[in-house]
Amino acid sequence: QARAAAALELINQEERKRQADADGKQLASLQAQLLAAQGQQAAAAAMQIEQQYGELISRLPERGDQAGLNLVDSLINVERASAQLGELQAQVDRVFADQARQEGSIQAQQQAGLISEIGARQQIIDLHARTTAEVERLLPEMERLAQVTGDPAAIEAVKNLRAQVEQTRFSADALSN
């Protein structure tokens, strides 16, 4: 009877450990979801990668599987770069949305007679210059991350963004003449 009780206690301990492990994984998943919902895509991706590949990463060196470890590392680098690129793209989208809002405000002020056409034009020129500078500051890192992903669509999207920045610069130059 003592052996049965000891065996039952071992089973219960194992069940509690299994449940604690499952709870830990679920809580980590919730934390990653929270980070993603808060716009922290890169941090969320890093957590998800750790959850998804953590056990595999710890087993591969034990088996001496360097090729497998290199493959996982490559995938992790691409996924992280993709998440970081997504965060930078969201930042660029906010910059252009802010520009559009400010342009609308400037035009409304001009139409209401609060500022002159020349004043509105100068404000728009200044706004385009600030927008261009903000996006140009992000472009080198975006280009680097797009290359790391190796995704032709991401690379093309960054090229299109560079063209959009050039168009913004061109329109600012045209307005100033």
Side-chain angles (χ1 to χ4, degrees), residues 1-100 130-169:
Q1 183 147 1
R3 289 174 66 180
L8 183 59
E9 180 58 29
L10 283 174
I11 291 171
N12 287 337
Q13 285 177 357
E14 187 60 35
E15 176 60 25
R16 284 191 299 271
K17 181 184 180 310
R18 188 193 62 72
Q19 188 60 48
D21 288 346
D23 289 349
K25 287 178 182 178
Q26 190 168 14
L27 288 172
S29 176
L30 289 172
Q31 180 66 34
Q33 289 176 9
L34 177 62
L35 288 170
Q38 293 173 333
Q40 299 178 40
Q41 301 301 330
M47 278 192 96
Q48 289 170 337
I49 289 166
E50 173 60 33
Q51 291 168 9
Q52 191 170 2
Y53 303 112
E55 292 176 17
L56 178 63
I57 291 170
S58 64
R59 287 192 313 265
L60 289 174
E62 293 170 5
R63 293 196 315 242
D65 189 349
Q66 189 60 44
L69 195 56
N70 291 343
L71 179 64
V72 173
D73 284 344
S74 293
L75 178 62
I76 288 170
N77 289 337
V78 167
E79 288 185 7
R80 282 185 181 155
S82 182
Q84 290 171 337
L85 184 59
E87 282 185 356
L88 289 175
Q89 182 59 54
Q91 193 173 344
V92 166
D93 292 344
R94 286 189 298 273
V95 168
F96 281 119
D98 187 50
Q99 174 188 331
R130 285 192 309 272
T131 299
T132 300
E134 285 184 59
V135 175
E136 282 181 329
R137 181 180 57 80
L138 301 174
L139 271 171
E141 182 66 4
M142 292 179 78
E143 288 168 334
R144 185 189 72 76
L145 291 169
Q147 289 298 323
V148 169
T149 69
D151 179 2
I155 294 167
E156 190 63 27
V158 174
K159 286 180 182 177
N160 289 340
L161 178 59
R162 184 163 290 284
Q164 186 177 359
V165 166
E166 291 302 319
Q167 180 60 40
T168 301
R169 178 182 291 117

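By the salt bridge (charged side-chain N to carboxylate O under 4.0 Å, His left out) test, Asp151 is found to be paired with no residue, residues two or more places apart in sequence or in another chain being considered. Gln99 pairs by the side-chain hydrogen bond (donor to acceptor under 3.5 Å, both in side chains) definition with Glu103, His128, Thr131, not counting sequence neighbours. Residues forming a side-chain hydrogen bond (donor to acceptor under 3.5 Å, both in side chains) with Glu62 (at least two apart in sequence, or on another chain): none. Applying the salt bridge (charged side-chain N to carboxylate O under 4.0 Å, His left out) rule to Asp93 yields no partners; only residues at least two apart in sequence or on another chain are considered. With sequence neighbours left out, Met142 forms a side chain to side chain contact (heavy atoms under 4.5 Å, CB included) with Leu85, Leu88, Gln89, Val92, Leu138, Val158, Leu161. With sequence neighbours excluded, no residue forms a side-chain hydrogen bond (donor to acceptor under 3.5 Å, both in side chains) with Asn12. Take Lys25 and apply the side-chain hydrogen bond (donor to acceptor under 3.5 Å, both in side chains) test, not counting sequence neighbours, and it matches Glu55.
Applying the salt bridge (charged side-chain N to carboxylate O under 4.0 Å, His left out) rule to pairs touching residues 130-141 yields Glu136-Arg169, Glu141-Arg144, sequence neighbours excluded. Counting only residues at least two apart or on different chains, the salt bridge (charged side-chain N to carboxylate O under 4.0 Å, His left out) pairs with a member in residues 154-164 are Glu143-Arg162. Residue pairs satisfying the salt bridge (charged side-chain N to carboxylate O under 4.0 Å, His left out) criterion with at least one member in residues 2-15, sequence neighbours excluded, are listed as follows: Glu9-Arg16, Glu15-Arg18. Residue pairs meeting the salt bridge (charged side-chain N to carboxylate O under 4.0 Å, His left out) criterion with at least one partner in residues 82-92, sequence neighbours excluded, are absent.
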Donor-acceptor contacts under 3.5 Å from residues 69-83 side chains, at least two apart:
{"residue": "Asn70", "atom": "OD1", "partner": "Gln66", "partner atom": "NE2", "Å": "2.9"}
{"residue": "Asn70", "atom": "ND2", "partner": "Gln66", "partner atom": "O", "Å": "3.4"}
{"residue": "Ser74", "atom": "OG", "partner": "Asn70", "partner atom": "O", "Å": "3.0"}
{"residue": "Asn77", "atom": "ND2", "partner": "Asp73", "partner atom": "O", "Å": "3.3"}

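For Gln51 against Ala32, the heavy-atom pair with the smallest separation is NE2-CB, 4.3 Å. Of all heavy-atom pairs spanning Ile155 and Ala146, the tightest one is CG1-O, 3.6 Å.
Around atom CD of Gln26, no more than 12 heavy atoms belonging to other residues, nucleotides or ligands sit under 6.0 Å away.
A salt bridge links Lys17 with Asp21; the closest basic N to acidic carboxylate O contact falls under 4.0 Å.
Rounding to the nearest 0.5 angstrom, the gap separating the OH atom in Tyr53 from the CD atom in Gln48 is 10.5 Å.
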Residue pair Gln164, Asn160: steps toward the side-chain hydrogen bond (donor to acceptor under 3.5 Å, both in side chains) verdict: CA-CA 6 Å; Gln164 186 177 359; Asn160 289 340; over 6 Å; no
